[in-house]
Visitor: 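Can you keep this structure in mind? I'll have questions shortly.
Below, chain A is the first sequence line, B the second, and so on; all start at residue 1.
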Amino acid sequence: MSEEISDLIQQRIEKVEALRNKGINPYPIRCARTHTAEEAKMLFREDAQEHAGIAGRMRSKRVMGKASFVHIEDGSGSIQVYARLDDLGEEKYELFKTLDLGDIVGVSGYVFKTRQGEISIHAKDFMLLSKCIRPLPSVKEKDGKVFDEFADVELRYRQRYVDLIVTQKTRQDFILRSRLIAGIREFLQKRGYMEVETPMMQAIPGGAAARPFITHHNALDIDLYMRIAPELYLKRLIVGGFERVFELNRNFRNEGISTKHNPEFTMLELYEAYADYTTMMDIAERMISSLAQELLGTMVINYQGTQINLTPPWEKITFVDIIKKYTGIDFSTIRTADEARRAASSVGVKADEDASLWYIANEVFEEKVEANLIQPTFVIDYPKELSPLAKSRDDNPDFVERFEPYIVGREIGNAFSELNDPFDQRARFEEQVKMREQGDDEAQRMDYDYINALEYGMPPAGGMGIGIDRLVMLFIDTASIKDSILFPLLRPEK
RNA sequence: GAGUCGCUAGCUCAGUCGGUAGAGCAACUGCCUUUUAAGCAGUGGGUCCGGAGUUCGAUUCUCCGGCGACUCACCA
């Protein structure tokens, strides 16, 4: 980052020059790698000398005069290399000793076991593959204990590449993230789902209540919005006859950054024709619990010191009942916003002047209930007013068939029986537009083409969105979403 | 956006009740042909985040700014 040249960097630049003067390219074009570190270790035999050519980054170095030990780390793991003056000759061994921690080198030799019992490579030759001219943080490790870990969070996020080199936990976390995402794809594909890609730049940002990023298309001379959700496009595909679709990709919301929010985040959305929200509950609990079993070896996971039992079935409780449970307020018997406001303030929740009954209820839910939902819980049957894209219940049209799964007090998704009645949808949009005109800049916008699509007939369907970064947080046991995103958004330096 | 805290060597951190700083690792020079947080001896390395103010003197105190962490707000 910094352009100042420290002594340490200067020393290494001089080494590069010295190498070049000797006719050695410190950045050669390729190398002869025959095995990964782990594969090489597998080659070990007591009765024979198996040959291997490995390559990786030098992570430790112990020079003892005419013999040296170094560890070479690659994508598979790490292997010790034993290099001797006798084997390499004066010139090469001197060169070997000038290698620095962080250099990427190729080593060929035979696999053997040291007196201390570590399977290693006895070097017959080596080659510098890429000179590292910036000193790495000097993290050391013994028996799983890490010494002087790379702890500067800002540097770890800004220079994630260094964090990945030096912090094993970081590497493991992102491998786990990758496996989790692969596992989701596999789970859904097995169920007959098709992965699709829908626009990230949209003329009308829909499908969620959030402020969008605005961008501009020069040739058309129009503003476009980065999507806040793919929902309305995926449902157009359900109209089109794709019966099981999902999209697993980025959403963008122009809002604050916190331990639980990154402006761009990864969302899974899936829609299934001829299904409903109960189908989605089933998918959610089976998918997440089986992924835990597969990736963590258990459905009872430890998150920030709390045991979380992901074993299905998860608890289900209605929005109204859970508020009653934690506050004693029964919103189903409340008829006016004033009454609701009084009830809310009786439990210490103050709502906006012009908030409606169910917005007040939602305030109470967020402030008084959410944090209690530690074990997996489906909060179901939300008020219609809060859910402009979900289908009303048959038995009570003021409520919709919708649920949000909560784990460790955090909403990790949102699902419903999809509203497919174009008349109702139009009315809901009109309601949203009215709220928008009254200053709610997160209310949804009218999307005539979406209504148009529904007017062709959308089969009854269930749909669900799951925030992947938050799910990853749970799986890698971290309190900050930045630890689940390779390059979280930070303010640029200077 | 607000509050609290942090920013000192490449990294991890001490420290200076105001007199321009230290350790471990890393680096450099020796010694060391089975070490593994290798070891032993020696050496070098700092705009103490930036700017202004107070002061004889500021890394230290004050103010402003930068970046980050946490909390809150926002984000269902």
Side-chain angles (χ1 to χ4, degrees), chain A residues 1-2 4-12 14-15 59-71 78 80-88 93 98 100-102 112-118 120 122 132-159 162-163 166-167 208-211 228 251 253-263 265 319 358-359 361-363 365-367 369-370 379 382-383 385-388 402 404 406 410-411 413-414 440-443 467 479-482 488 490-494:
Chain A
M1 276 185 316
S2 97
E4 296 129 56
I5 306 287
S6 75
D7 295 6
L8 298 176
I9 294 173
Q10 191 52 44
Q11 281 166 9
R12 295 202 183 183
E14 281 160 17
K15 283 187 183 180
R59 289 300 316 285
S60 72
K61 183 184 177 192
R62 293 174 294 283
V63 177
M64 292 157 306
K66 300 185 180 62
S68 301
F69 288 93
V70 303
H71 272 95
S78 149
Q80 183 171 249
V81 168
Y82 177 52
R84 290 194 318 185
L85 171 66
D86 295 353
D87 299 292
L88 295 178
Y93 186 69
T98 69
D100 289 297
L101 295 178
F112 77 114
K113 194 186 263 182
T114 65
R115 279 180 206 160
Q116 301 299 315
E118 180 167 348
S120 308
H122 190 125
C132 171
I133 62 170
R134 287 185 180 269
L136 290 171
S138 56
V139 179
K140 296 203 173 189
E141 199 181 333
K142 189 191 187 179
D143 303 330
K145 270 179 302 214
V146 178
F147 300 83
D148 294 334
E149 68 173 329
F150 189 33
D152 184 322
V153 284
E154 184 176 354
L155 272 185
R156 292 208 300 121
Y157 298 146
R158 283 194 200 280
Q159 299 183 251
V162 175
D163 189 30
V166 135
T167 313
R211 270 188 285 265
I228 55 177
N251 286 350
R253 297 188 183 175
N254 204 341
E255 279 149 5
I257 297 174
S258 77
T259 46
K260 295 170 198 71
H261 301 268
N262 196 60
F265 62 99
F319 181 77
W358 291 113
Y359 273 84
N362 197 41
E363 278 294 309
F365 175 78
E366 283 169 13
E367 286 189 37
V369 179
E370 265 189 12
V379 176
Y382 280 68
E385 191 185 347
L386 301 176
S387 319
R402 171 185 176 191
E404 293 199 346
Y406 277 85
R410 217 172 280 156
E411 170 208 345
N414 186 16
D440 182 351
D441 55 2
E442 278 163 16
S480 172
I481 200 168
K482 290 189 174 73
L490 298 181
R491 193 185 287 272
E493 292 177 289
K494 281 167 206 167

Visitor: From the options B/U35, B/C70, B/A26, select the nucleotide whose nearest atom is closest to the side chain of A/Met64.
Guide: B/U35

Visitor: Starting at atom CZ of A/Arg158, determine the distance to atom P of B/C7, rounded to an integer number of angstrom.
Guide: 17 Å

Visitor: Pick the P atom in B/A69 and in B/C32, then give their distance to the nearest Å.
Guide: 49 Å

Visitor: Under the side-chain hydrogen bond (donor to acceptor under 3.5 Å, both in side chains) test, which residues partner A/Glu385, sequence neighbours left out?
Guide: A/Ser356

Visitor: Rounded to the nearest Å, what distance is computed from the CD atom of residue A/Gln80 to the C1' atom of nucleotide B/A38?
Guide: 11 Å

Visitor: With a 4.0 Å cut-off on heavy atoms, is A/Val139 in touch with a base, just the backbone sugar-phosphate, or nothing at all?
Guide: nothing

Visitor: Provide, to the nearest angstrom, the distance between the CD1 atom belonging to A/Ile9 and the P atom belonging to B/G45.
Guide: 17 Å

Visitor: To the nearest angstrom, how far is A/Ile481 atom CD1 from B/U71 atom P?
Guide: 13 Å

Visitor: Donor-acceptor pair under 3.5 Å: do we get one between A/Ser138's side chain and the base of B/G10?
Guide: yes

Visitor: Quick one: does A/Arg211's side chain have a donor or acceptor within less than 3.5 Å of a partner on A/Glu255's backbone?
Guide: no

Visitor: Does A/Tyr157 have any side-chain hydrogen bond (donor to acceptor under 3.5 Å, both in side chains) partners at least two apart in sequence or in another chain, and if so, which?
Guide: A/Asp483

Visitor: Does A/Glu366 have any side chain to side chain contact (heavy atoms under 4.5 Å, CB included) partners at least two apart in sequence or in another chain, and if so, which?
Guide: A/Asn362, A/Glu363, A/Glu370

Visitor: Taking only residues two or more places apart in sequence, or in another chain, which ones meet A/Tyr382 in a ring-ring contact (aromatic ring centres under 6.0 Å, His included)?
Guide: A/Phe319

Visitor: Rounding to an integer number of Å, can you tell me how far A/Phe147 CZ sits from B/A38 P?
Guide: 10 Å

Visitor: Given that A/Glu141 and A/Phe112 both sit by RNA chain B, which one's nearest nucleotide is further toward the 5' end?
Guide: A/Phe112

Visitor: Using a cut-off of under 3.5 Å, enumerate the N/O to N/O pairs linking the protein to nucleotides 27-30 of chain B.
Guide:
{"from": "B/A27", "atom 1": "O2'", "to": "A/Gln11", "atom 2": "OE1", "distance (Å)": "2.0"}
{"from": "B/A27", "atom 1": "O2'", "to": "A/Gln11", "atom 2": "NE2", "distance (Å)": "3.2"}
{"from": "B/C28", "atom 1": "OP1", "to": "A/Lys15", "atom 2": "NZ", "distance (Å)": "2.9"}

Visitor: Could you check if a side-chain atom of A/Asn254 sits within less than 4.5 angstrom of a side-chain atom of A/Pro263, using non-hydrogen atoms only?
Guide: no

Visitor: Side-chain polar contacts of residues 143-155 of chain A - donor-acceptor pairs under 3.5 angstrom, sequence neighbours left out - could you list them?
Guide:
{"from": "A/Asp152", "atom 1": "OD1", "to": "A/Glu154", "atom 2": "N", "distance (Å)": "3.1"}
{"from": "A/Asp152", "atom 1": "OD1", "to": "A/Leu155", "atom 2": "N", "distance (Å)": "3.0"}
{"from": "A/Glu154", "atom 1": "OE2", "to": "A/Arg158", "atom 2": "NE", "distance (Å)": "2.9"}
{"from": "A/Glu154", "atom 1": "OE2", "to": "A/Arg158", "atom 2": "NH2", "distance (Å)": "3.0"}

Visitor: Taking any heavy-atom pair under 4.0 Å as a contact, classify A/Thr114: base, sugar-phosphate, or nothing.
Guide: base

Visitor: At 4.0 Å (heavy atoms only), tell me whether A/Arg410 reaches a base, stays on the sugar-phosphate, or touches nothing.
Guide: nothing

Visitor: Would you indicate, yes or no, if B/A38 has its OP1 or OP2 atom less than 4.0 angstrom from a side-chain nitrogen or oxygen of A/Arg62?
Guide: yes

Visitor: Looking across every strand, which nucleic acid part, if any, lies under 4.0 Å from A/Ser68 by heavy atom: base, sugar-phosphate, or nothing?
Guide: nothing

Visitor: List for me each residue that meets side-chain hydrogen bond (donor to acceptor under 3.5 Å, both in side chains) alongside A/Arg402, sequence neighbours excluded, and say none if there are none.
Guide: A/Ser387, A/Glu404, A/Asn414

Visitor: Can you name the residues that form a side chain to side chain contact (heavy atoms under 4.5 Å, CB included) with A/Asp87, not counting sequence neighbours?
Guide: A/Arg84, A/His122, A/Lys124

Visitor: Got A/Glu411 and A/Lys260 here, is their nearest side-chain heavy-atom distance under 4.5 Å?
Guide: no

Visitor: Rounded to the nearest 0.5 Å, what separation is found between the OG1 atom of A/Thr167 and the CD atom of A/Glu141?
Guide: 10.0 Å

Visitor: Using only heavy-atom distances, decide whether a donor-acceptor pair under 3.5 angstrom links the side-chain of A/Gln116 to the base of B/U34.
Guide: no

Visitor: Categorize A/Lys482 for me: base, sugar-phosphate, or nothing, with a 4.0 angstrom heavy-atom threshold over every strand shown.
Guide: sugar-phosphate

Visitor: What integer distance in Å separates A/Leu136:CG from B/A26:P?
Guide: 13 Å

Visitor: Hey, does the side chain of A/Arg134 come within less than 4.0 Å of B/G10's phosphate (OP1/OP2), counting only N and O?
Guide: no

Visitor: Quick one: A/Arg491 CZ to B/A69 P, roughly how many Å, whole number?
Guide: 11 Å

Visitor: Could you tell me the separation between the CD atom of A/Glu367 and the C1' atom of B/A73, rounded to a whole number of Å?
Guide: 11 Å

Visitor: So does A/Lys140 get a side-chain nitrogen or oxygen closer than 4.0 Å to the phosphate oxygens (OP1/OP2) of B/A26?
Guide: yes

Visitor: Counting only side-chain nitrogens and oxygens, does A/Lys142 get under 4.0 Å of the OP1 or OP2 atom of B/A38?
Guide: no

Visitor: Return whichever of A/Ser480 or A/His122 has its heavy-atom-nearest nucleotide of RNA chain B closer to the 5' end.
Guide: A/His122

Visitor: List every contact pair, protein side and nucleotides 12-15 of chain B side both N or O, where the distance is under 3.5 Å.
Guide:
{"from": "B/U12", "atom 1": "OP1", "to": "A/Ala151", "atom 2": "N", "distance (Å)": "3.3"}
{"from": "B/U12", "atom 1": "OP1", "to": "A/Asp152", "atom 2": "N", "distance (Å)": "2.8"}

Visitor: Identify, with sequence neighbours excluded, every residue that meets side chain to side chain contact (heavy atoms under 4.5 Å, CB included) alongside A/Gln116.
Guide: A/Thr114

Visitor: Using the side-chain hydrogen bond (donor to acceptor under 3.5 Å, both in side chains) criterion, which residues pair with A/Gln10? Sequence neighbours excluded.
Guide: A/Glu14

Visitor: Go ahead and write out RNA chain B as dot-bracket, 5' to 3': ( ) for pairs within the strand, [ ] for ones crossing earlier pairs, | when the partner sits on another strand, dots for unpaired; Watson-Crick or G-U wobble, both distances under 3.5 Å.
Guide: (((((((..((((.....[..)))).(((((.......))))).....(((((..]....))))))))))))....

Visitor: Mark yes or no for whether A/Tyr93, through its side chain, and A/Ala67, through its backbone, hold a donor-acceptor pair below 3.5 Å.
Guide: yes

Visitor: For A/Tyr359, answer base if it contacts any base atom (sugar-phosphate contacts may also be present), sugar-phosphate if it contacts only those atoms, and nothing otherwise; contact means non-hydrogen atoms under 4.0 Å.
Guide: nothing

Visitor: So if I take every side-chain heavy atom of A/Tyr82 and compare against B/C25, B/U34, B/U36, which nucleotide ends up nearest?
Guide: B/U34

